[in-house]
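Structure first, commentary second.
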Amino acid sequence: MKVSRLTLREIRMDLLTPFETSMGVSTSRRVVLAQVEADGVSGWGEVVAGEDPHFSYETVETAWHVIRDFIWPALKSREWNAAADLWDALAHIRGHNMAKAGVETALWDAEARLKKMPLWKVLGGVRQENSCGVSIGIKKSIDELHLAVDKELLAGYQRIKIKIRPGWDLKPVEALRTKHPSIKLSVDANCAYTLDDAPLFKQLDRFYLMMAEQPLGWNDMYGHAELQKRVETPICLDELITSVPGARLAAEIGAGKIINLKLGRVGGHTVVKRIQSLCATKDIPNWCGGMLETGIGRAHNIALSTLPNFTLPGDVSASKRYWAEDIIEPEVTVTPQGTIKVPHGPGIGFEPKLGLIEKLTARKEVLA
Ligand code: MG
């Protein structure tokens, strides 16, 4: 493949309902889309960097800069046998995984379209239907939380995850467990606690959660290993895992029993494939986390969730939970059984709605 053009667009979209985590409240998103043109086809990727450097150090602005000034010169410089070759060719750029993933996933989409194959098959996926869970933000009251959870259970979702933070942890978990003794329930702290809070996580053990996600700091490998020794609840790592060596270290020292994988956090499909292969040898199941993606990022998440070691329900859910109108067609829908059927069209299997994307575009740069 020879990439002749890379179009960057920043689009702005309002979330249907505000989403609150321990990092703050999101009401709208600025999203960078990458469109690569290679040998007559377009491949699409999404940069999941936030408006602020809260989830990671990357932002919309750093991603734009790194893609334009560093990734694009590398991308245009040669022919690509496969999208799988891009990750190692970008090794001279340290970090900036979200910027890299936006472009890398677009190249994977282009490769699959050129092969006239669904992306999930090109990636090596093994299932045609993915189990879905939902992530529910911090609510103003327990009543409001019950309403939100009841709605998602009724829609069929197989696992409920709630965001927690100090002051919103034991009580909501206890309330949900009392009302729903048998649902798959988990919590996500987004780094809001320290090892001094180990007694709190010990108390959570009695609610037999599926997992407690990223309780401690984004770079606290030792702390997570120490916490996992003290609690029964499996710890799931999110923010902490940004590379293959990081995943290997976490597995070796027992920093968690589950790893959530996100394309943007680790740098794209190639690294996700490597980490999930590694995790399979260590008995660490994976699942796909969400970053409030538009349909483009969501479609890539559906494809990667078909990889063999993605054995737990992910956070990939229906477009209509987030957006009045998604930027792909058809929109992502969830069956009454709480699954997403994997598409069979070429590439990501969904078509970007170009007219809508243009309408939402606040900034555009064509690199050629
Ligand atoms: Mg998380």
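Ligands are counted one by one from 1 in listed order, and the atoms in each one are counted from 1 as well. In what follows, every heavy atom counts, from backbone to side chain, and hydrogens, waters and symmetry copies are set aside. Model, not experiment: these values are computed from the prediction.
- For Cys132, the side-chain contact (heavy atoms from CB on, under 4.5 Å) criterion is met by Tyr157, Val334, Ile340, not counting sequence neighbours.
- Note on Lys171 versus Glu174: no salt bridge recorded, every NZ/NE/NH1/NH2 to OD/OE distance being 4.0 Å or above.
- Note on residues 112-140: pairs passing side-chain hydrogen bond (donor to acceptor under 3.5 Å, both in side chains), not counting sequence neighbours, are Asp109-Arg113, Glu111-Lys115, Arg113-Glu351, Gln128-His344, Glu129-Thr339, Ser131-Gln158.
- Applying the side-chain contact (heavy atoms from CB on, under 4.5 Å) test to Leu354 and every residue at least two apart in sequence or in another chain returns Trp44.
- The cationic atom of Lys2 (NZ for Lys, CZ for Arg) does not lie both less than 6.0 Å from the six-membered ring centre of Trp80 and within 45° of the ring axis.
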Exercise. Passes salt bridge (charged side-chain N to carboxylate O under 4.0 Å, His left out), Glu46 versus Arg298? Steps please.
Worked result: CA-CA 9 Å; Glu46 176 169 339; Arg298 204 165 291 273; over 6 Å; no
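- Only protein N, O or S atoms were considered, and those under 2.8 Å from the Mg ion (ligand 1) are Asp188 OD2, Glu213 OE2, Asp238 OD2.
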